[in-house]
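All remarks here apply to the structure that follows.
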Amino acid sequence: MLIATWNVNSVRTRLSQIIDWINQFNPDILSLQETKVRDDSFPFEPFEKLGYSVEVYGQKSYNGVAIISKIKPENVKKGFYGCKDSDHNIETFLDQKRLITADINGIKIINVYVPNGSSLDSDKFEYKINWLNCLATFLDEQEKKGELICLMGDFNIAPSNLDIHDPKKYEGGIMASKIERKALNNVLEGRLIDSFRVFEQNTGHWSWWDYRNNAYELNKGWRIDHIYISKELSSNLKSCVMDSLTRANLRPSDHAPVMINLDLNNINVDFLENENDFFEI
DNA sequence: ATGGCAGAAGCATTCTGA
């Protein structure tokens, strides 16, 4: 099963590129971020013509997420739900459409567009950290239910200095601060693994390049788009690829798609009883 | 320190992104 995530920076502007990409890679699930469109204006037809179901959670101008899936998603939910931690008031996050979840093939698909945060001293940064803390609480709830999870999207965080083209210049700043990395680790909490780092431990692999200063041509990028999966799925993970060539398109998104191949033929349904088995390969 | 580039809204210019 091919699962992909892509911040497309406007689904309507990028529509033909997205359809081309689907025809090239034939994903089973494609999570989109920054769709930048109200649900009643979303271009459903081109995706449905290719046999996909489309679940959207958008708003005018900003943000917006969508799940495009060959298998019809079940239990679709929009926005945070089930967060019992009163410190993280869910209602404060309702006006920004940044999270959509669905059950597909026995896996809880969680598609996120994490706030950018602007700069460390801004109100938006506080919002980003609070949002991530609410996401951590949300994942706690999923874990209690024993869900197998695929958490993917634009996290707007480089998890380590290996994920920045110039760490000396950017370390400690937005997307590369200790506070953000701690908040991200709190979300992952040892229960989720970074699919890309299973296969590649070196620097020099990016999912985002600034539109400015010829960043793509100079390959000055960041790795801020991620696919995290439950540890219990690690033996099913066959590959993780960032399709950097997509960034070379005419009028591209500033992000490239990230995708994983999950082989679900031998899914271990007994993982709860045998939580150490998957380490023994 | 700032701007640079892009998209949406809407028609000049501002807001936002990362």
Side-chain angles (χ1 to χ4, degrees), chain A residues 5-19 21 31-43 56-66 92-93 95-99 111-132 135 152-181 183-184 203 205-226 242 244 246-258:
Chain A
T5 177
W6 190 7
N7 179 325
V8 292
N9 188 13
S10 172
V11 68
R12 290 177 291 181
T13 295
R14 223 66 64 199
L15 184 58
S16 65
Q17 290 183 46
I18 301 170
I19 296 301
W21 193 87
S31 289
L32 303 180
Q33 302 88 37
E34 281 207 90
T35 52
K36 294 186 172 180
V37 65
R38 278 194 299 254
D39 294 351
D40 57 10
S41 300
F42 193 98
V56 299
Y57 187 46
Q59 65 187 97
K60 188 169 77 171
S61 301
Y62 307 114
N63 309 318
V65 285
T92 63
F93 301 115
D95 56 334
Q96 298 190 20
K97 316 305 186 190
R98 297 178 175 276
L99 180 144
N111 175 17
V112 296
Y113 174 45
V114 177
N116 165 263
S118 189
S119 63
L120 269 64
D121 57 357
S122 73
D123 292 344
K124 290 175 183 173
F125 186 79
E126 189 179 354
Y127 185 92
K128 179 179 194 174
I129 300 304
N130 288 339
W131 198 96
L132 285 164
L135 180 61
M152 67 187 129
D154 175 1
F155 286 77
N156 276 316
I157 299 173
S160 84
N161 284 354
L162 293 175
D163 303 307
I164 316 172
H165 70 271
D166 188 349
K168 281 180 188 169
K169 181 175 180 182
Y170 294 107
E171 183 183 24
I174 193 68
M175 302 195 295
S177 69
K178 284 183 182 174
I179 299 171
E180 288 160 274
R181 287 172 174 172
L184 175 59
T203 188
H205 302 275
W206 320 125
S207 70
W208 174 80
W209 298 257
D210 201 311
Y211 282 124
R212 297 163 290 189
N213 306 319
N214 263 335
Y216 182 69
E217 288 72 14
L218 299 170
N219 201 22
K220 293 183 173 180
W222 295 57
R223 194 176 72 93
I224 56 176
D225 300 86
H226 311 295
M242 298 194 287
S244 58
T246 299
R247 182 62 174 78
N249 287 351
L250 194 64
R251 290 190 75 197
S253 166
D254 44 354
H255 296 254
V258 184

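Sequence lines set the chain letters: A, B, ... in the order given, protein chains first and strands last, and positions in each chain run from 1.
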A/N63 near the nucleic acid: base, sugar-phosphate alone, or nothing, with a heavy-atom cut-off under 4.0 Å? nothing
Integer-rounded Å distance: B/dG17 C1' and A/H255 NE2: 8 Å
To the nearest Å, give me how far apart CH2 (A/W222) and C1' (B/dA18) are. 8 Å
Classify the nucleic acid contact of A/N214 as base, sugar-phosphate or nothing, counting any heavy atom under 4.0 Å across all strands shown. nothing
To the nearest Å, how far apart are A/L120 CG and B/dA18 P? 16 Å
Whole angstroms only, please: what is the CG-C1' distance between A/N156 and B/dT16? 12 Å
Whole-angstrom distance between B/dC15 and B/dG10, as gauged at atom P: 14 Å
Does one side chain, of A/N249 or A/Q17, offer a donor that lies under 3.5 Å from an acceptor on the other? yes
Tabulate atom names and distances for all N/O pairs under 3.5 angstrom spanning the protein and nucleotides 6-13 of chain B.
{"from": "B/dG7", "atom 1": "OP1", "to": "A/R14", "atom 2": "NH1", "distance (Å)": "2.9"}
{"from": "B/dG7", "atom 1": "OP1", "to": "A/R14", "atom 2": "NH2", "distance (Å)": "3.3"}
{"from": "B/dG7", "atom 1": "OP2", "to": "A/R251", "atom 2": "NH2", "distance (Å)": "3.0"}
{"from": "B/dG7", "atom 1": "O3'", "to": "A/S10", "atom 2": "OG", "distance (Å)": "3.4"}
{"from": "B/dA8", "atom 1": "OP1", "to": "A/S10", "atom 2": "OG", "distance (Å)": "2.3"}
{"from": "B/dA8", "atom 1": "OP1", "to": "A/T13", "atom 2": "OG1", "distance (Å)": "3.1"}
{"from": "B/dA8", "atom 1": "OP2", "to": "A/T13", "atom 2": "OG1", "distance (Å)": "3.0"}
{"from": "B/dA8", "atom 1": "O3'", "to": "A/S61", "atom 2": "OG", "distance (Å)": "3.3"}

Give a yes-or-no answer on whether the side chains of A/K128 and A/N116 include a donor-acceptor pair shorter than 3.5 Å. no
Return the value, rounded to whole Å, for the distance between atom CH2 of A/W209 and atom C1' of B/dG4. 19 Å
Test item: A/N9 and A/K36 side chains (from C-beta on) under 4.5 Å apart, heavy atoms: yes
Mind checking if A/Y170 touches a base, just sugar-phosphate, or nothing, with heavy atoms under 4.0 Å? nothing
With under 30° as parallel and over 60° as perpendicular, where do the rings of A/H165 and A/W222 fit, or are they tilted in between? perpendicular
For A/I164 and B/dA18, give me the distance from atom CD1 to atom P, rounded to whole Å. 16 Å
Within a reach of under 6.0 Å around CG of A/D123, are more than 12 heavy atoms found that belong to other residues, nucleotides or ligands? no
Please work out if A/K124 contacts a base, only the sugar-phosphate, or nothing of the nucleic acid, heavy-atom cut-off 4.0 Å. sugar-phosphate
Comparing nearest nucleotides in DNA chain B, the 5'-proximal residue of the pair A/R212, A/G117 is A/R212
Assign A/R223 to base, sugar-phosphate, or nothing according to its heavy-atom contacts below 4.0 angstrom with the strands shown. nothing
Spacing between A/F125 atom CZ and B/dG17 atom P, to the nearest angstrom: 14 Å
Report the relative orientation of the aromatic rings in A/Y216 and A/W209; use parallel for angles under 30°, tilted for 30 to 60°, perpendicular for over 60°. perpendicular
Counterpart residues, salt bridge (Lys or Arg N to Asp or Glu O under 4.0 Å), relative to A/D225 (two or more places apart): none
What's the gap between B/dT13 and B/dT2 when it is taken at their P atoms, as a whole Å value? 22 Å
Same-atom distance (P) from B/dA12 to B/dA1, integer angstrom: 36 Å
Nearest-angstrom distance from the residue atom CG of A/D123 to P of B/dT16: 12 Å
